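Computed from a predicted structure; not experimentally measured.
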Amino acid sequence: TDHLVKLQEKLNNYLSFIESGELYEAYPEAMNKTPVIAIVCKYAPDTQGEDFLNHAKNILSNIGFVLRWVNIELSE
């Protein structure tokens with residue numbers, strides 16, 4: 001879906017920021033710490049979204065990063 005494509009693009013941008021060293025230039029105190037990418041979901045992901053997040057979490061874990069997400073149901 002369109003949301004998953006946008007999320008994948010964002011994750012790729014975050015990974016580029018980390019892997020290029022820009023993270024450590026901007027935040028030197030992050031050096032020698034495990035990078036954590038946190039996603040806040042306005043609504044709980046559907047099955048396809050959960051599958052994507054779990055797959056991304058496994059990939060990031062294999063390269064030493066952490067992916068976390070939390071669902072927060074916001075009343076409108």
Side-chain angles (χ1 to χ4, degrees):
T1 67
D2 190 44
H3 287 292
L4 293 181
V5 170
K6 288 180 181 177
L7 180 56
Q8 184 172 5
E9 289 172 357
K10 283 186 177 189
L11 286 174
N12 287 336
N13 287 335
Y14 297 151
L15 288 174
S16 292
F17 183 72
I18 297 167
E19 292 178 329
S20 70
E22 289 179 75
L23 170 68
Y24 307 112
E25 290 174 19
Y27 303 96
E29 65 276 10
M31 190 66 73
N32 299 318
K33 295 184 180 174
T34 301
V36 176
I37 298 173
I39 300 171
V40 178
C41 304
K42 183 175 179 180
Y43 303 105
D46 60 13
T47 302
Q48 186 179 16
E50 277 194 34
D51 289 346
F52 172 82
L53 290 169
N54 283 316
H55 181 70
K57 180 180 179 177
N58 289 334
I59 290 172
L60 293 176
S61 176
N62 287 336
I63 59 174
F65 302 155
V66 173
L67 175 64
R68 294 186 181 142
W69 64 93
V70 62
N71 307 321
I72 56 167
E73 298 287 332
L74 298 175
S75 57
E76 309 244 340

Subject >> For the student: nearest non-hydrogen atoms of Gly64 and Pro35, plus distance >> reply: O-CD, 4.0 Å
**OP:** Check the pair Ile59 / Leu67 against side-chain contact (heavy atoms from CB on, under 4.5 Å), numbers first and verdict last.
**Re:** CA-CA 9 Å; Ile59 290 172; Leu67 175 64; over 6 Å; no
Original post:
Quick one: side-chain hydrogen bond (donor to acceptor under 3.5 Å, both in side chains) pairs with a partner in residues 45-61, sequence neighbours left out?
Top reply: none
Original post:
Using a side-chain heavy atom cutoff under 4.5 Å and only I, L, V, M, F, W and Y, what cluster partners does Val36 have?
Top reply: Val66
Original post:
For Tyr14, which residues count as a side-chain contact (heavy atoms from CB on, under 4.5 Å) partner, sequence neighbours excluded?
Top reply: Lys10, Leu11, Ile37
Original post:
Can you list every side-chain hydrogen bond (donor to acceptor under 3.5 Å, both in side chains) pair that touches residues 21-30, not counting sequence neighbours?
Top reply: Ser20-Glu22
Original post:
Should Ile63 and Phe17 be regarded as members of a common hydrophobic cluster, given that ILVMFWY residues are connected when their side-chain heavy atoms come within less than 4.5 Å of each other, either directly or indirectly?
Top reply: yes
Subject >> Cluster overlap Met31 with Ile18, hydrophobic side-chain contacts below 4.5 Å >> reply: yes
Original post:
How many angstroms lie between atom CZ of Phe52 and atom NE2 of His3, to the nearest 0.5 angstrom?
Top reply: 13.0 Å
Subject >> Residue list, side-chain hydrogen bond (donor to acceptor under 3.5 Å, both in side chains) with Asn62, at least two apart or on another chain >> reply: none
Subject >> Residues in salt bridge (Lys or Arg N to Asp or Glu O under 4.0 Å) contact with Lys33, at least two apart in sequence or another chain >> reply: none
Subject >> Partner residues of Val5 under the side-chain contact (heavy atoms from CB on, under 4.5 Å) criterion, sequence neighbours left out >> reply: Glu9
**OP:** Check Pro45 against Asn71 and note the closest heavy-atom contact, atom names and distance.
**Re:** CD-OD1, 3.2 Å
Original post:
If you measure from CG on Leu7 to CG on Asp2, what distance do you get to the nearest 0.5 Å?
Top reply: 11.5 Å
